Amino acid sequence: MDLASIQSELEASVPGCRLQVIENPAPCAQHSLLVDAEHAVLVATYLRDFLHFDYCSNVTGVDWLPKELSEKIKVKKTVDGPNGPEEKEVDEVRKTSVPGYMEVVYHLFSTTDRTGPLPLRMRTPNRDLTRESLTIPSLTPVWRSCEFQEREVYDLFGIHFDGHPDLRRLLMWDEFTDHPMRRDYVDPDDYEYEPTAHDEVLARLRQHYSTAGGPAFPQGGGQ
Amino acid sequence: MTSPEPGHEERLLEISMGPQHPSTHGVFRMNVVLDGERVVRLKPVFGYLHRNHEKIAENETYLGSMPYTDRLDYICSLTNNWGYALAVEKLAGITVPERAEYLRVITAELTRLLNHAALLGFLLQDMGASGTPLMYAFREREKILDLFESLTGARMMCNYMRFGGCRVDTPAGWLDQARKVVADFPRFLDEFEKLLVTNEILMERTQGVGVLSRELAISSAISGPMARASGLNYDIRKVDGYGIYPRFSFRVPLGSHGDIYDRYMIRFLEMRESLKILEQALREIPDGPIIDPKSKPRGFRPKPGECYGRIEGPKGELGFYLISDGSPNPYRYRVRPPSLINLTVLEDLCLGHNVADVVVILGSVDIVLGEVDR
Amino acid sequence: MIGDGILKGLAETARNFFGSYVSKERLTTVQYPEEKLPQIESSRNFPFLVYDGAEWDAGMRCVACQICEKECPPKCIFIEKSKDKKPDAVGKPQFYPARFDIDISVCMSCQICVEVCPFDAIKMDVQFDLPTDDRFGGLMLDRHKLAKSNEYYHEIHPTEASAVDAALDAERAKAAAAKAAAAAPKPAASAATGTAAPPQPPAASTPKASEGEAK
């Protein structure tokens, strides 16, 4: 079944759900279905039980930073000309700021119908780094495979999954505080390794050791 | 069945197996709670080999990530390369010439032989056979690793696939050498069969142990030989039919019990099927270009879009999810690791069994920590 | 009989054990370092810089275009361009690297630098026994340690080296032919231009001088 018929069937069966097809311009044409957070678990249960999508293969987190798009447009403005004020078309740069958000993408397959990936997306409303804003309902009650992968998305992105049975860090150690896969993550500059001559890393290290007042910076030979 | 009698919780012993342990197949740790010798709870802890491969890929070009994919599942580097190349080719719409497709199938099936042979050797090692059958398996692996070295230049970190084909063509005499290796391999399999199939110790320790039911396998997205041992007939080579696999006739072995014995026998039978595919491919390989003529190593910028591409790796479904925003670096690069997904059911498999079985069950899941942690 | 399977397995092990005394195939141990396996031709370890002729400094093919530095995935190559130029194999004046360091503790032998080099200047070596006890500088190979002759390249990778030599000879012949063709019909103009315009180096963009500021 193609995505449009899946969407209409879901809208008929799960009342009130808001679905949107996100087009994918790549040649593989894997268009995805955006689901709102309220009805996500119901939509997922319907997909699993009635549309035979019983295999949730991959759960990915994506971090979209807010960006500013600038485009050149032509605008009619009143400017002072040689014969007094007149209307002219002027080039202006219009900046629109696109707000950021984080999203979670689930790739669903069907073992019985042997159909290909159905990407299912859920987005946070914005990119405020607060717990209320970065919350997404967990689909672990629907597919067991989401359990560890949602833990990994929590660990690396900081997205909190509502309804997850055991949400704790997976790959980083438990006392770690930051979320490494975010696009604005800065790694700590007090590495405990012998530095190789990568210039920016060396500069940061020197600054760190000189300001922290700690042990002297190890001067390696052959620099 | 598994919970201890009330009032006896203080008798529970919690041990941490790993991360430095000879049988955990890498730096992997399990917090096991035991009641006597029986497992009551088991929590896997990993992340000791986490190198944040996905973030490195966001700062490298698409080609620059290819050597890093070798280091994901470091035993099967050529299938990792193929998975990544397939995902990028689907993202950018690149076609692959025929000789390159045949070479990809040949190297992938040789890699499958490598992986399963190593795993069968490690099974007997984990059960206490102190390495002798392991060395027989590694003796056969050496022949295949020599083949890889003469083709790609390196035994393990091959970095061979490119977007649109393969990096370099076979040197003179390589195909004949490969045919010889494939012709000699069944003798090793027959010898190993005598060691494995009717061995009473093996049967006692593996039959009925670590049973994975089909429903749990589907719900937990288990893939590869572990899922097929539980009766789930899902082999991506047959389902997706990527590359030129539809041209080859091979069967997919299925298990009925889902225990450890089934998982090993499935891998054993898969090796025989791989030999069939190899014989066909080595016979039919045509001459021709090795890479899409329009591709070049530098300046590759796919158009914006996203793609999920997957292959049947020796351990399961290896998938790559790429989001491109038109720049030379990917915006998001995600590896779907079969070892990690297959590992999520470890607790369910081990409950109620003895501690000694935990090691053998872990061995049958077939993990490589490079892939679990990335 | 119980134990049948184990006996069959033991027979297998015995066959391998006694077989290792009679058949070469079953005895796979190589007594390294007294006995070494023959080198497989295309094996690769760490890069080295090729020089033609007898002088390593003058004959180096590298023109410091810094393409390998940009394409290296772990960024282990550090190049500084020279300020002056010297003539290369076809006679065209080119920059050369004043500093060319490879940190082999970072290098992962992926061979991408070899693939992208337009001048066939960097190739893969096969030496793997490079231990040192100098933790900080011992694994940073500089220009002198990296430079190895074309004859050495022929020794370790004969087929590849012959192909590269054939390609370079063809290019030199083309350059010489173009020079002769340009010089012959216009003898008056050649006095003004001096050497005729040489052809571009193979397949690549000309080295960008502005990249030098990046380092």
Side-chain angles (χ1 to χ4, degrees), chain A residues 22-32 48 54-65 67 103 105 107-119 121 140 142-149 151-153 155-156 166 168-174 176 180-183 185 187, chain B residues 43-50 52 54-55 58 87 89-94 214-223 227 232-234 236 238-240 302-310 317 319-324 331-338 340-341 343-345 348 372-374:
Chain A
I22 310 277
E23 292 276 325
N24 178 10
C28 58
Q30 290 169 353
H31 309 297
S32 47
R48 181 192 67 180
D54 48 1
Y55 196 83
C56 172
S57 177
N58 179 31
V59 180
T60 313
V62 190
D63 182 11
W64 296 98
L65 286 173
K67 33 181 204 247
E103 69 180 343
V105 185
H107 282 93
L108 308 174
F109 291 86
S110 168
T111 54
T112 45
D113 300 338
R114 308 289 181 104
T115 47
L118 168 67
R121 303 179 107 97
T140 307
V142 185
W143 293 289
R144 172 88 186 266
S145 57
C146 302
E147 186 186 344
F148 272 55
Q149 298 190 71
R151 266 177 72 184
E152 184 190 331
V153 174
D155 184 8
L156 297 178
D166 181 20
R168 54 195 166 96
R169 285 194 178 262
L170 190 78
L171 293 171
M172 305 303 289
W173 61 95
D174 290 327
F176 192 74
M181 276 298 287
R182 289 189 179 159
R183 295 293 284 196
Y185 174 72
D187 24 328
Chain B
K43 292 283 176 228
V45 179
F46 35 84
Y48 293 93
L49 196 50
H50 179 62
N52 215 346
E54 301 178 355
K55 193 149 195 98
E58 285 177 12
E89 282 156 13
K90 275 168 84 164
L91 175 70
I94 306 176
R214 193 167 174 274
E215 295 73 35
L216 185 60
I218 296 179
S219 175
S220 307
I222 307 287
S223 53
L232 173 62
N233 184 3
Y234 200 71
I236 300 174
K238 295 276 192 194
V239 169
D240 279 358
K303 304 245 176 17
E306 62 176 48
C307 179
Y308 179 74
R310 62 182 189 163
E317 173 188 334
F320 285 83
Y321 177 60
L322 287 159
I323 301 185
S324 153
Y331 186 83
R332 174 79 171 103
Y333 165 96
R334 150 93 180 162
V335 179
R336 185 254 189 223
L340 174 65
I341 315 287
L343 200 53
T344 57
V345 292
D348 295 75
V372 170
D373 293 341
R374 278 153 289 136

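Proteins come first, then strands; the chains are lettered A, B, ... in the order of their sequence lines, and each starts at number 1. It should be emphasised that the depicted structure is a prediction, and the values quoted were computed from it without experimental measurement.
A heavy-atom distance below 4.5 Å is not found between the side chains of B/Ser220 and A/Trp143. A heavy-atom distance below 4.5 Å is found between the side chains of B/Ile323 and A/Trp64. Taking the side chain as every heavy atom from C-beta outward, B/His50 and A/Asp155 never approach each other to under 4.5 Å. Contact annotation: the side chain of B/Glu58 approaches that of A/Met181 to within less than 4.5 Å [non-hydrogen atoms, C-beta and beyond]. In this structure, B/Leu216 and A/Arg144 have side chains that are in contact, with non-hydrogen atoms separated by less than 4.5 Å. A/Gln30 has its side chain out of reach of B/Tyr321: every pair of non-hydrogen atoms, C-beta onward, lies at least 4.5 Å apart. Between A/Leu171 and B/Arg374, some side-chain heavy-atom pair lies under the 4.5 Å cut-off.
Note on B/Gly47, B/Pro302, B/Gly309, B/Gly319: by heavy-atom pairs under 4.5 Å with chain A, the leading option is B/Gly47. Between chain A and the residues B/Glu54, B/Lys303, B/Glu89, the largest count of heavy-atom pairs under 4.5 Å involves B/Glu54. Counting heavy-atom pairs closer than 4.5 Å to chain B, the top-ranked of the candidates A/Asn24, A/Leu156, A/Val142 is A/Asn24. In terms of heavy-atom pairs under 4.5 angstrom with chain A, the leader among B/Asp240, B/Leu49, B/Asn233 is B/Asn233. Counting heavy-atom pairs under 4.5 Å between each of B/Pro44, B/Gly93, B/Ser219, B/Pro337 and chain A puts B/Ser219 at the top.
Below 30°, between 30° and 60°, or above 60°: for B/Tyr308 and A/Phe109 the angle between ring planes is between 30° and 60°, a tilted geometry.
Note that CD1 of B/Ile341 is 3.5 Å distant from CD of A/Gln149, once rounded to the nearest 0.5 Å. Summarising the geometry, atom CG belonging to B/Leu340 is positioned 6.5 Å from atom CG belonging to A/Leu170; distances are rounded to the nearest 0.5 Å. In this structure, the separation between CG on A/Asp63 and CZ on B/Arg332 is 9.5 Å, given to the nearest 0.5 Å. The line from CG of A/Asp54 to CD1 of B/Ile218 is 5.0 Å long, rounded to the nearest 0.5 Å. For the atom pair B/Lys43 NZ and A/Arg168 CZ, the distance stands at 6.5 Å (nearest 0.5 Å). Atoms CG and CD, on A/Asn58 and B/Glu317 in that order, are 8.0 Å from each other to the nearest 0.5 Å.
In this structure, chain A has a heavy atom under 4.5 Å from the side chain of B/Asn52, while its backbone stays farther away. Looking at B/Ser324, there are no atoms closer than 4.5 Å to chain A (heavy atoms on both sides), in backbone or side chain. Contact of B/Tyr331 with chain A is made through backbone and side chain together, with heavy-atom distances under 4.5 Å. Only the side chain of A/Met172 has a heavy atom closer than 4.5 Å to any heavy atom of chain B. Looking at A/Val105, the atoms closer than 4.5 Å to chain B (heavy atoms on both sides) all sit in the side chain, from C-beta outward. Proximity to chain B (any heavy atom under 4.5 Å) is restricted, for A/Ser110, to the backbone atoms N, CA, C and O. Residue A/Arg169 does not touch chain B at all, counting heavy-atom pairs closer than 4.5 Å. Proximity to chain A (any heavy atom under 4.5 Å) is restricted, for B/Val372, to the backbone atoms N, CA, C and O.
When atom types are taken as modelled, the side chain of B/Lys55 and the backbone of A/Arg182 share a donor-acceptor pair closer than 3.5 angstrom.
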Check against side-chain contact (heavy atoms from CB on, under 4.5 Å), B/Leu343 and A/Phe148: CA-CA 9 Å; B/Leu343 200 53; A/Phe148 272 55; over 6 Å; no

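Using a 4.0 Å cut-off between charged side-chain N and carboxylate O, B/Arg334 and A/Glu152 make a salt bridge. Ion pairing between a basic and an acidic side chain is recognised when a charged N comes within 4.0 Å of a carboxylate O; B/Glu306 and A/Arg121 show such pairing.
When all heavy atoms are compared, the tightest approach of B/Ala221 to A/Ser145 is CB-CB, 3.5 Å. Closest non-hydrogen pair, B/Ala92 versus A/Pro27, comes out as C-CG, 3.9 Å.
A/Arg114 forms no cation-pi arrangement with B/Tyr234, by the criterion of a distance under 6.0 Å to the ring centre and an angle within 45° of the ring axis.
A side-chain donor from one of B/Arg336 and A/Ser57 sits under 3.5 Å from a side-chain acceptor of the other.
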